[in-house]
Amino acid sequence: MVYDRDYPMLQYQDPLGIVHIYVCHHTTSFTFEDDVFLPIQVGRALADNHLPIRGDDTGDNISKKNREYCELTALYWAWKNDKDAAWIGFMHYRRFLDFACTGLQTDSFGCISLKNMTPLTLQQMGLNAEIVRKTIEDTPSACAILPEKWSVRNVNVSSLYQHYANSDYHFARDLDLTRSVISDLYPDDLPVFDVVMAGDEGYFTNVFVFRRDLFDTYCGWLFSILSEVEARADLTNYSAQARRIYGYLGERLFNVFMSSSRAPTQGVIKRTRCFFEKTKMENNDVMPSQNLSPPGLNAVTIVTAADENFVPHLAALLESIKASFSPERFLDMIVLDGGISSINKNLLKRQFHINLSQDKARITFLNCQGMHSDIRTHMHFSTATFYRLSLGQLLPNHPRALYIDCDTIVLSNLCQLWDTPLDGAIIAATPDLIMKNFVNAGIHSMQESGALPASLYLREYLDMGDYYDNYFQAGVILFDLDAFRNSNVASSSIRDLSRKCYWFLDQDILNKYLKNRVKIIDTSWNCVNSIREILPYLSLDWKSKALEDLNNPKIVHYAGFEAKPWNNHNAPLSFFYWFFLRKTFWYETVIYKQTFSENTPVSFHDSMLRQVLTRGWHFLPQIMRRPLRGVAVRIKRSL
């Protein structure tokens, strides 16, 4: 059996045998891999760039014919080279089967349409080794898994023949040539061909799973026909799209095979097709899956979440982490990406590795766009806040992770926090002093949650009971990911958030489900910069501790809209943020936005204009001149 050296396949000894479903890719796109689903690059022999997955150009192959055969080059490769699998199937980077039997509504093409491929949508569709194997095991007589049939009458066509003949880049003469070849090679199948082509239903998109004996029979039959059609066909003046003839014909021939005497009449499992609309990956993206290798024993995995709007603040956080990180440890930095542009990811990566070599650190962007988009948010929260709930699924190979909110600045060596023993707890976190303030001050929760006094909200609404005084702040959390996965907290909490309104969203949910499984750590690891505002309502002990933290914070957390330096010039402890932001590519951008925002008082602009009048425009950086001229015009018009 021939494989790419760096991507060996796993061997299993069980009654079912090895199951391999090859997922065809031709360009950079979301990938996932486990014991069953195996990504493969089609047409690799012709490709300028080799994707970091197995290719169809090793061993006995027809990779160079990919322009004409499409994904069938991968089918041929598996037939000739994967001799160990007891089951072999084919899916595409965006077309799969609903192994979970969700019953979701289909579109006019018979597919369940999904906007984004994420760990949750993969799980939702049952696209994992466990579900696929169980699907086969639950039907002992099974020999094939096929999509539900679809009728071309849905697109106002009466037959499969007309559907092919009327489609763009398809020619009826090629289908007629195929009929002639079948007549010569397999005359018994000619009546079957005619019946199938006259019918209106069929299996589409070359998506299927076959038992080994059926797979070998199908491939031998299919490629013998296509090779003869290839020998007789004249593709002169065919466009690049039209030259994909054998891929197009293969899709129709699949239906002839399944209607022939070679195909089984029993043991066929049917599943609905599903289609993922967004599959393109940006540079540096990694699909949350087994593709992200686990860190070494010397590594510290730090996770944060950000989107395009938070890029400057993410950059400042990265610089602060690097400044105090132990040089003898490996920094495994993971960004849960809610929509960061390609250029900004490249800049972040470049900045991250300044004075930090790749053998000492790595930064990975996990594309999480679309995750939890159906859960409502309020106040200043964004959907990215929910990403940490799925951390166990996002990092399936990681035993531990340190999650830090992106609106923070790190001032101490995070290795110290990382090495904290959890002593059987699932997470470690700091007490939430703001919530203690709410309890003591009698603050009521939001109207949607009943407008309850904070103490009653914690005790009853969150069902924390006597544990309510241990309510923790979720901006800094050390996770035992193995324990977190085993607890099933993620799935329960996501369902809960979808059905019920919570004051502080996922922070409340985590407190609700982990109320007696938390190790409390020192509040200096999550020092909320605006803490002085609530000192009157804290006990003397907590007041004293809060003041100590402000004088010597280990992590500064700019929690709340007005507490963030980029929103408020006077935010407490903002100098830490500005110090590290100066080391990034975005310092001028943040200054520009803050200085010349629409909310900046006219008096400030007027003061700047007086400086211009006395000293000239040259004293200002070029970046500030155009907007200030605009302000001058607006002021003049208002006079």
Any heavy-atom pair between the side chains of Asp98 and Leu104 that's under 4.5 Å? no
Given 3.5 Å as the limit, does a donor-acceptor pair link the side chain of Lys512 with the main chain of Asp463, or not? no
Do Thr584 and Pro312 have side-chain heavy atoms sitting under 4.5 Å apart? no
Nearest-0.5 Å distance that lies between atom CD1 in Ile427 and atom CG in Leu422: 9.0 Å
Please determine whether a side-chain nitrogen of the Lys or Arg among Glu137 and Lys134 lies less than 4.0 Å from a carboxylate oxygen of the Asp or Glu. no
Which pair of non-hydrogen atoms, one from Phe472 and one from Ile477, has the smallest distance, and what is that distance? CE1-CD1, 4.4 Å
Go through the steps for Glu548 and Lys545 under the test salt bridge (Lys or Arg N to Asp or Glu O under 4.0 Å), then give the verdict. CA-CA 5 Å; Glu548 290 177 9; Lys545 182 63 170 71; 5.1 Å; no
Using a distance-only test with no angle check, is there a side-chain donor-acceptor pair under 3.5 angstrom linking Gln473 and Thr430? no
Quick one: does Asn298's side chain have a donor or acceptor within less than 3.5 Å of a partner on Glu328's backbone? yes
Pair His444-Tyr457, side-chain donor/acceptor within less than 3.5 Å: no
With respect to Ile334, which candidate in Ile302, Leu366, Thr304, Ile363 satisfies the side chain to side chain contact (heavy atoms under 4.5 Å, CB included) definition? Leu366
Any donor-acceptor pair under 3.5 Å from Ser544 side chain to Leu540 backbone: no
Under 3.5 Å: donor-acceptor pair, side chain of Lys436, backbone of Asp469: yes
Would you mind reporting whether His20 and Asp35 have side-chain heavy atoms less than 4.5 Å apart? no
Do Leu414 and Trp525 come close enough that some side-chain heavy atom pair is under 4.5 Å? yes
Within the supplied structure, the quantity of interest is the number of heavy atoms (other residues, nucleotides, ligands) at a distance under 6.0 Å from Leu547 CG; does it exceed 12? yes
Measuring from atom CD1 of Ile21 to atom CH2 of Trp87, what distance do you get when rounded to the nearest 0.5 angstrom? 10.0 Å
Once the angle between the rings of Phe438 and Phe504 is folded into 0 to 90°, is it parallel (under 30°), tilted (30 to 60°) or perpendicular (over 60°)? parallel
Steps toward ring pair (Phe, Tyr, Trp, His ring centres under 6.0 Å) verdict (Phe32, Phe37): CA-CA 7 Å; Phe32 66 99; Phe37 289 95; 5.3 Å; yes
Shortest non-hydrogen contact between Tyr558 and Ser574, atoms and distance: OH-CA, 4.0 Å
At their closest point, which heavy atom of Arg329 faces which heavy atom of Cys415, and how far apart are they? CG-SG, 3.6 Å
Decide yes or no on side-chain contact (heavy atoms from CB on, under 4.5 Å) for Arg271 and Cys101, but give the supporting numbers first. CA-CA 7 Å; Arg271 293 291 183 263; Cys101 301; 3.3 Å; yes
Nearest 0.5 Å please: distance from the CG atom of Asp423 over to the NZ atom of Lys519. 4.0 Å
Look at the side chain of Asn128 and the backbone N and O of Ile131, then say whether any donor-acceptor pair between them is shorter than 3.5 Å. yes
Taking the basic N atoms (NZ, or NE/NH1/NH2) and the acidic carboxylate oxygens, is any pair closer than 4.0 Å for Lys345 and Asp337? yes
Should we count CG of Asn355 as having more than 12 external heavy atoms under 6.0 Å? no
How far does OG1 of Thr364 sit from CG of Leu336, to the nearest 0.5 angstrom? 10.5 Å
Regarding Asp522 and Ser524, do their side chains bring together a donor and an acceptor under 3.5 Å, going by distance alone? yes
Minimal non-hydrogen separation, Tyr461 against Cys501, with atom names: OH-O, 2.7 Å
Compare every heavy atom of Asn529 with every heavy atom of Ala559, then report the nearest pair and how far apart it is. N-OD1, 3.8 Å
Which residue pairs pass the salt bridge (charged side-chain N to carboxylate O under 4.0 Å, His left out) test with at least one member in residues 471-483, sequence neighbours excluded? Asp482-Arg485
Tell me whether Asp332 contacts the main-chain N or O of Thr301 through its side chain, where contact means a donor paired with an acceptor under 3.5 Å. no
First locate atom CD1 of Ile426, then atom CG of Leu481, and finally report the distance between them rounded to the nearest 0.5 Å. 11.0 Å
Student check: side-chain heavy atoms of Leu411 and Ser324 closer than 4.5 Å: no
Short side-chain to backbone donor-acceptor contact, Asn440 and Tyr537, under 3.5 Å: yes
Pairwise side-chain contact, Trp586 with Leu348, heavy-atom cut-off 4.5 Å (strictly under): yes
Say whether Gln507 and Tyr471, considering side chains only, have a donor N or O and an acceptor N or O under 3.5 Å apart. yes
Heavy-atom donor-acceptor pair, Arg133 side chain to Val36 backbone, under 3.5 Å: no
Nearest 0.5 Å please: distance from the CD atom of Gln124 over to the CZ atom of Phe99. 15.0 Å
Determine whether Trp566 and Phe310 satisfy the following criterion, ring pair (Phe, Tyr, Trp, His ring centres under 6.0 Å), listing intermediate values before the conclusion. CA-CA 10 Å; Trp566 52 94; Phe310 249 70; 5.7 Å; yes
May I ask you to test the Pro39-Arg54 pair for a side-chain heavy-atom distance under 4.5 Å? yes
Decide whether Tyr513 and Asn511 meet the rule of one side-chain donor and one side-chain acceptor closer than 3.5 Å. no
Please walk me through it: do Arg532 and Leu550 pass side-chain contact (heavy atoms from CB on, under 4.5 Å)? CA-CA 9 Å; Arg532 284 185 184 274; Leu550 287 172; 3.4 Å; yes
May I ask you to decide if Asn116's main-chain N or O and Thr121's side chain share a donor-acceptor pair within less than 3.5 Å? yes
What's the verdict on side-chain contact (heavy atoms from CB on, under 4.5 Å) for Val528 and Ile434, showing C-alpha distance, side-chain angles and the deciding distance? CA-CA 9 Å; Val528 177; Ile434 292 179; 3.8 Å; yes
Are any non-hydrogen side-chain atoms of Asn470 and Lys515 less than 4.5 angstrom apart? no
Decide yes or no on side-chain contact (heavy atoms from CB on, under 4.5 Å) for Asn526 and Ile404, but give the supporting numbers first. CA-CA 9 Å; Asn526 191 355; Ile404 302 178; over 6 Å; no
If you compare all heavy atoms of Val518 against all heavy atoms of Ala425, which two are closest, and at what distance to 0.1 Å? C-CB, 4.0 Å
For the side chain of Arg94 and the backbone of Glu277, is there at least one donor-acceptor N/O pair under 3.5 Å apart? yes
